[in-house]
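What follows is a set of notes on a single structure, which appears directly below.
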Amino acid sequence: MTLVHVQSRPAGAHPVHGTVADAMDAAGPQVWEDMTVEVALSVMAAARTGHLVVCDEDGLCTGLVTRARLTAVRDGSGYTDKIRLRDIADVIGPFASPLTTRAEAERAMRCRRLGALPVVDEHGSAVGVLAPAR
(Lines give C-alpha, C1' and ligand atoms only; values in the text may rest on other atoms or scores of the structure.)
Protein backbone atom coordinates (compact mmCIF):
# COMPACT_ATOMS: atom_id res chain seq x y z
CA MET A 1 0.00 0.00 0.00
CA THR A 2 1.38 3.42 -0.97
CA LEU A 3 0.35 6.17 1.42
CA VAL A 4 0.78 9.81 0.54
CA HIS A 5 3.46 11.27 2.83
CA VAL A 6 2.18 12.75 6.06
CA GLN A 7 4.03 15.63 7.69
CA SER A 8 3.78 15.86 11.45
CA ARG A 9 2.75 19.15 13.03
CA PRO A 10 3.42 20.45 16.52
CA ALA A 11 0.54 19.93 18.96
CA GLY A 12 -1.96 22.75 18.71
CA ALA A 13 -0.76 23.91 15.28
CA HIS A 14 -3.55 24.66 12.81
CA PRO A 15 -2.81 23.69 9.22
CA VAL A 16 -3.43 26.46 6.73
CA HIS A 17 -5.15 24.17 4.22
CA GLY A 18 -6.69 21.58 6.57
CA THR A 19 -6.36 17.84 6.34
CA VAL A 20 -7.82 15.24 4.05
CA ALA A 21 -10.27 14.33 6.85
CA ASP A 22 -11.69 17.88 6.60
CA ALA A 23 -12.40 17.58 2.87
CA MET A 24 -13.07 13.92 2.09
CA ASP A 25 -16.39 12.48 1.04
CA ALA A 26 -17.77 9.17 2.29
CA ALA A 27 -16.00 6.18 0.73
CA GLY A 28 -19.11 5.29 -1.25
CA PRO A 29 -19.63 1.91 -2.88
CA GLN A 30 -16.94 -0.65 -2.10
CA VAL A 31 -16.51 -3.63 -4.40
CA TRP A 32 -14.31 -6.72 -4.49
CA GLU A 33 -11.30 -6.80 -6.79
CA ASP A 34 -12.57 -9.98 -8.48
CA MET A 35 -15.58 -8.10 -9.90
CA THR A 36 -15.68 -7.85 -13.71
CA VAL A 37 -15.47 -4.53 -15.52
CA GLU A 38 -19.06 -4.85 -16.81
CA VAL A 39 -20.48 -5.54 -13.35
CA ALA A 40 -18.43 -2.65 -11.89
CA LEU A 41 -19.85 -0.30 -14.53
CA SER A 42 -23.36 -1.49 -13.64
CA VAL A 43 -22.77 -0.92 -9.92
CA MET A 44 -21.39 2.54 -10.70
CA ALA A 45 -24.44 3.43 -12.80
CA ALA A 46 -26.85 2.16 -10.14
CA ALA A 47 -25.03 4.10 -7.41
CA ARG A 48 -24.81 7.21 -9.62
CA THR A 49 -21.14 7.65 -8.82
CA GLY A 50 -18.00 8.18 -10.88
CA HIS A 51 -15.77 5.88 -8.83
CA LEU A 52 -15.69 2.69 -6.78
CA VAL A 53 -13.41 1.80 -3.89
CA VAL A 54 -11.82 -1.58 -4.64
CA CYS A 55 -11.18 -4.01 -1.76
CA ASP A 56 -9.41 -7.34 -1.41
CA GLU A 57 -10.87 -10.52 0.11
CA ASP A 58 -10.09 -9.17 3.60
CA GLY A 59 -12.05 -5.96 3.00
CA LEU A 60 -8.91 -3.80 2.81
CA CYS A 61 -8.72 -1.03 0.24
CA THR A 62 -6.52 -1.89 -2.74
CA GLY A 63 -7.42 1.17 -4.78
CA LEU A 64 -10.04 3.12 -6.58
CA VAL A 65 -11.35 2.79 -10.11
CA THR A 66 -13.13 5.49 -12.10
CA ARG A 67 -15.81 5.28 -14.73
CA ALA A 68 -13.38 6.77 -17.25
CA ARG A 69 -10.82 4.01 -16.55
CA LEU A 70 -13.41 1.23 -16.77
CA THR A 71 -14.83 2.64 -20.00
CA ALA A 72 -11.35 2.89 -21.52
CA VAL A 73 -10.65 -0.75 -20.61
CA ARG A 74 -14.01 -1.92 -21.96
CA ASP A 75 -13.54 0.00 -25.22
CA GLY A 76 -9.94 -1.27 -25.65
CA SER A 77 -9.01 -3.77 -28.35
CA GLY A 78 -7.91 -6.41 -25.81
CA TYR A 79 -11.11 -6.34 -23.79
CA THR A 80 -12.89 -9.55 -22.82
CA ASP A 81 -15.76 -10.02 -20.38
CA LYS A 82 -13.35 -11.97 -18.13
CA ILE A 83 -11.27 -8.90 -17.14
CA ARG A 84 -11.54 -8.28 -13.42
CA LEU A 85 -10.74 -5.14 -11.46
CA ARG A 86 -7.57 -6.74 -10.06
CA ASP A 87 -6.37 -7.13 -13.69
CA ILE A 88 -6.34 -3.37 -14.19
CA ALA A 89 -2.80 -2.36 -13.21
CA ASP A 90 -3.51 1.22 -12.10
CA VAL A 91 -6.25 0.28 -9.63
CA ILE A 92 -3.64 -0.17 -6.88
CA GLY A 93 -2.79 2.91 -4.74
CA PRO A 94 -1.83 5.55 -3.97
CA PHE A 95 -3.74 6.25 -0.79
CA ALA A 96 -3.98 9.15 1.64
CA SER A 97 -4.18 9.14 5.39
CA PRO A 98 -6.91 11.26 6.99
CA LEU A 99 -4.06 13.28 8.56
CA THR A 100 -2.41 14.14 5.23
CA THR A 101 -2.73 17.84 4.42
CA ARG A 102 -5.23 18.66 1.70
CA ALA A 103 -2.60 20.58 -0.23
CA GLU A 104 -0.24 17.62 -0.19
CA ALA A 105 -2.94 15.15 -1.28
CA GLU A 106 -4.18 17.46 -4.05
CA ARG A 107 -0.60 17.90 -5.28
CA ALA A 108 -0.20 14.09 -5.41
CA MET A 109 -3.47 13.82 -7.33
CA ARG A 110 -2.35 16.42 -9.89
CA CYS A 111 1.08 14.80 -10.33
CA ARG A 112 -0.46 11.36 -10.87
CA ARG A 113 -3.46 12.71 -12.81
CA LEU A 114 -5.94 11.08 -10.44
CA GLY A 115 -9.62 11.98 -10.42
CA ALA A 116 -10.00 10.88 -6.80
CA LEU A 117 -7.85 9.51 -4.01
CA PRO A 118 -8.92 6.81 -1.53
CA VAL A 119 -8.44 7.71 2.13
CA VAL A 120 -7.54 4.78 4.37
CA ASP A 121 -7.07 4.32 8.11
CA GLU A 122 -3.97 2.80 9.71
CA HIS A 123 -5.34 -0.70 9.02
CA GLY A 124 -5.93 -0.14 5.30
CA SER A 125 -9.72 0.17 5.48
CA ALA A 126 -11.33 2.84 3.30
CA VAL A 127 -12.73 5.72 5.33
CA GLY A 128 -13.39 8.17 2.51
CA VAL A 129 -12.46 9.55 -0.89
CA LEU A 130 -10.83 12.87 -1.69
CA ALA A 131 -11.96 14.50 -4.92
CA PRO A 132 -10.18 17.57 -6.35
CA ALA A 133 -11.10 20.91 -4.80
CA ARG A 134 -14.02 22.47 -6.61
Side-chain angles (χ1 to χ4, degrees):
M1 173 172 24
T2 307
L3 280 173
V4 174
H5 176 71
V6 178
Q7 295 178 336
S8 58
R9 297 182 305 271
H14 297 316
V16 175
H17 299 288
T19 64
V20 169
D22 300 329
M24 70 182 185
D25 296 322
Q30 297 183 27
V31 298
W32 303 124
E33 59 190 3
D34 64 346
M35 180 178 282
T36 64
V37 169
E38 285 298 325
V39 173
L41 282 166
S42 294
V43 169
M44 217 177 265
R48 293 190 170 117
T49 186
H51 64 267
L52 297 171
V53 173
V54 182
C55 299
D56 65 13
E57 63 276 355
D58 296 322
L60 301 179
C61 181
T62 59
L64 184 135
V65 67
T66 63
R67 177 176 294 132
R69 175 66 175 136
L70 291 176
T71 302
V73 168
R74 185 191 59 199
D75 294 345
S77 61
Y79 176 75
T80 73
D81 62 357
K82 306 271 189 250
I83 295 177
R84 308 221 176 254
L85 297 181
R86 73 170 149 261
D87 301 327
I88 303 172
D90 63 350
V91 169
I92 300 170
F95 306 96
S97 159
L99 302 177
T100 302
T101 66
R102 270 186 11 209
E104 192 171 25
E106 289 173 356
R107 186 171 35 255
M109 291 171 64
R110 279 192 307 276
C111 289
R112 292 182 177 105
R113 295 186 178 134
L114 301 173
L117 187 64
V119 181
V120 299
D121 64 15
E122 64 276 5
H123 303 291
S125 297
V127 294
V129 173
L130 181 66
R134 294 173 180 86

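Residue numbers count from 1 along this sequence.
- Going from atom CG of Leu114 over to atom OG1 of Thr66 covers 9.0 Å, rounded to the nearest 0.5 Å.
- In this structure, the separation between CG on Leu52 and CG on Leu85 is 7.5 Å, given to the nearest 0.5 Å.
- A donor-acceptor contact shorter than 3.5 Å links the side chain of Thr62 to the backbone of Val54.
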Discussion item. Run the side chain to side chain contact (heavy atoms under 4.5 Å, CB included) test on Arg102 and Thr19 for me, step by step, so that the C-alpha distance in whole Å, both residues' side-chain angles and the decisive distance to 0.1 Å come before the verdict.
Written reply: CA-CA 5 Å; Arg102 270 186 11 209; Thr19 64; 5.9 Å; no
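- A side chain to side chain contact (heavy atoms under 4.5 Å, CB included) with Val119 is found for exactly one of Leu99, Val53, Val127, namely Val127.
- Side-chain atoms of Thr71 never come within 3.5 Å of backbone atoms of Ala68 as a donor-acceptor pair (strictly under, hydrogens ignored).
- Between the side chain of Ser42 and the backbone N or O of Glu38 there is at least one donor-acceptor pair closer than 3.5 Å.
- Between the side chain of Asp121 and the main chain of His123, a donor-acceptor pair closer than 3.5 Å is present.
- If you take CG on Leu64 and NE2 on His51, they are separated by 5.5 Å, rounding to the nearest 0.5 Å.
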Fill in: Test log, rule side chain to side chain contact (heavy atoms under 4.5 Å, CB included), inputs Tyr79 and Val73
CA-CA 6 Å; Tyr79 176 75; Val73 168; 4.2 Å; yes
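- The closest side-chain heavy-atom distance from Val43 to Met35 is below 4.5 Å.
- At distances below 3.5 Å, at least one donor-acceptor pair connects side-chain atoms of Arg67 with backbone N or O atoms of Thr49.
- For the pair Cys61/Val120, a side-chain contact is recorded, criterion being any heavy-atom separation below 4.5 Å from C-beta on.
- Not one N or O on the side chain of Asp75 forms a donor-acceptor pair closer than 3.5 Å with the backbone of Ala72.
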